[in-house]
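Here the structure comes first, spelled out in structure tokens, and everything after it is commentary.
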Amino acid sequence: MYIITCFVIYPVKSEKNMKKYVVIGDPVAHSRSPGMQNAAFAHYGLGRPYDRLLVKAEKFEEFVSFARRELAGFNLTVPHKSLILPYLKTVTPAAAAAGSVNTVTVIDGEFHGDSTDGYGLEMALKRNFGISPAGKRFVFAGCGGAAHATAFHLAEQGAKSIFLANRTVAKAEELAGKLKEFAPETEVETAALNDIPRLQEFFRKADVLIQATSLGLRESDPPPFPLELLEENRELCVYDTIYHETPVQKRAKELDLKYADGMWMLIYQGARSFEIWTGKSAPVEEMLRGFQEDTPCVLY
Ligand code: NAP
């Protein structure tokens with residue numbers, strides 16, 4: 001951008017001095033982070049400094065050197081959220097326990113890591129259902145990266161119970177072990193996703209279901225659990241981390257349950273990243289607009 005005065009052209013801010021930010025992943029083309037982050041930066045007159053960068057796992061070291069020199073901050077998505085851990089100078093306790101970092105701030109070439117997915121979920125629950133994690137009982141369907149990143153935050157915020165149901169039960173047990181160590185006050189139980197009697201018990205006791213499997217991303221996907229389970233508890237709030245309509249959301253709607261898709265989680269995790277980097281309050285509604293106007297998204 002240039003200002004023209006008396007035939008002399010002055011650059012308002014040289015490209016060289018502009019702080020740059022990226023989201024890295026593989027794949028990354030689907031990411032809507034540039035749309036929402038650039039809307040936030042533009043809101044404060046800070047240009048549009050945020051871009052996507054495809055980084056293959058085998059090129060991660062190269063990216064690290066580049067980032068130390070050139071970037072002010074970056075987001076990470078699959079498969080990089082855990083690869084960054086050995087390179088961090090500081091990391092927040094919940095992100096360290098989860099082994100998952102999605103936000104890095106670069107200060108004097110050093111990396112400071114955080115995970116904002118849990119905050120994103122917390123704010124989405126507040127926005128969609130008007131509830132806070134403290135004292136609540138959660139049942140997770142799925143124990144992958146998203147469940148890890150969010151469960152520690154919910155426990156940190158005083159969740160009463162976290163019930164973990166996963167296809168690979170060993171992964172649920174591993175996560176449960178770490179959660180118990182991290183937050184001994186939170187009750188943690190596990191089950192296989194196909195152990196229906198145990199799931200019935202979890203669904204009856206829970207206040208909130210977090211659908212955190214990747215089932216539902218494709219139209220041909222089966223539901224992650226028999227949908228009759230949603231009939232066990234008419235007070236259950238159903239939060240699906242996927243942000244287009246899935247069979248779980250459709251059934252929750254038919255049963256007149258409180259339910260929501262994953263959109264606000266995505267917006268608020270980005271909002272928190274923006275605040276960490278800039279110290280400015282995130283203009284959330286503008287980030288939503290930026291998110292909606294960005295490239296069509298295939299994954300989430
Ligand atoms: P991930 O690490 O690959 O984990 C996938 C999870 O889905 C695992 O628990 C896996 O079980 C389960 N799963 C996959 N296929 C299954 C099947 N056929 N039957 C039963 N379970 C199956 O993925 P992630 O990063 O955690 O992402 C999970 C979901 O969260 C995705 O849908 C993603 O879109 C969503 N997400 C949303 C946001 C947001 O901001 N809204 C942020 C992050 C992620 P196993 O352990 O047995 O393989």
Side-chain angles (χ1 to χ4, degrees), residues 23 25-28 30-33 35-37 57 75-83 95 98-103 115-125 127-128 139-154 162-176 190-196 199 208-227 229 238-249 259-274 284 287-288 291-292 294 297-300:
V23 54
D26 180 17
V28 77
H30 66 280
S31 173
R32 299 238 189 144
S33 292
M36 63 177 163
Q37 294 296 350
N75 286 129
L76 306 98
T77 183
V78 176
H80 301 313
K81 287 184 177 186
S82 57
L83 290 182
S100 172
V101 162
N102 75 338
T103 303
S115 172
T116 67
D117 287 325
Y119 171 86
L121 177 61
E122 179 192 346
M123 293 304 288
L125 296 178
R127 182 138 190 163
N128 289 121
V139 54
F140 275 82
C143 290
H148 274 70
T150 55
F152 287 92
H153 182 82
L154 296 177
I162 297 183
F163 308 127
L164 302 166
N166 200 38
R167 174 179 60 178
T168 313
V169 77
K171 277 198 211 167
E173 281 162 5
E174 194 191 331
L175 174 55
T190 59
L193 206 43
N194 61 2
D195 183 345
I196 304 306
L199 255 61
V208 186
L209 163 70
I210 310 293
Q211 194 307 99
T213 74
S214 41
L215 289 177
L217 285 174
R218 284 177 296 260
E219 264 187 39
S220 56
D221 283 343
F225 48 78
L227 293 175
L229 281 167
V238 176
Y239 194 82
D240 195 333
T241 59
I242 296 178
Y243 82 65
H244 59 248
E245 196 177 57
T246 64
V248 168
Q249 292 169 44
Y259 77 98
D261 67 29
M263 186 188 79
W264 281 115
M265 177 178 163
L266 203 58
I267 303 280
Y268 277 107
Q269 61 78 30
R272 187 77 194 110
S273 296
F274 179 81
V284 171
M287 292 182 85
L288 170 64
F291 168 89
Q292 287 167 334
D294 203 3
C297 181
V298 277
L299 291 178
Y300 59 80

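No hydrogens, no waters, no symmetry mates; every other heavy atom, side chains included, goes into these values. In each ligand, atom 1 is the first atom listed, and ligand 1 is the first ligand listed.
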Rounded to the nearest 0.5 Å, what separates atom [atom1] in [X] from atom [atom2] in [Y]?
X	Y	atom1	atom2	answer
E245	D240	CD	CG	10.0 Å
L76	T103	CG	OG1	7.5 Å
L175	E173	CG	CD	11.0 Å
M123	W264	CE	CH2	10.0 Å

Please confirm whether the backbone N or O of [Y] pairs with a side-chain atom of [X], one donor and one acceptor, at under 3.5 Å?
X	Y	value
Q249	H244	yes
D195	A192	no
R32	F291	yes

**Message:** Below 4.0 Å from ligand 1: does a non-hydrogen atom of P224 turn up there or not?
**Reply:** no
Check each atom of ligand 1 against the heavy atoms of [X] and keep those under 4.0 Å away; list them by number with element.
X	value
G142	9 (O)
G144	2 (O), 4 (O), 8 (C), 9 (O), 26 (O)
I242	32 (O)

**Complete:** atom 32 (O) of ligand 1: of T150, T116, T213, the nearest heavy atom sits on T213
Taking both backbone and side-chain atoms of [X], is any N or O found less than 3.5 Å from an N or O belonging to ligand 1?
X	answer
R167	yes
D117	no
G145	yes
T241	yes
G262	yes
A212	no
C143	yes

**Request:** Say whether T116 and N102, considering side chains only, have a donor N or O and an acceptor N or O under 3.5 Å apart.
**Result:** yes
**Prompt:** Does a side chain donor of either S33 or N75 reach within less than 3.5 Å of an acceptor in the other side chain?
**Reply:** no
With heavy atoms only and a cut-off of under 4.0 Å, state how [X] meets ligand 1: side chain, backbone, both or neither.
X	result
D221	neither
K171	side chain
L266	both

**Request:** List the steps, then state whether side chain to side chain contact (heavy atoms under 4.5 Å, CB included) holds for L209 with F163.
**Result:** CA-CA 9 Å; L209 163 70; F163 308 127; over 6 Å; no
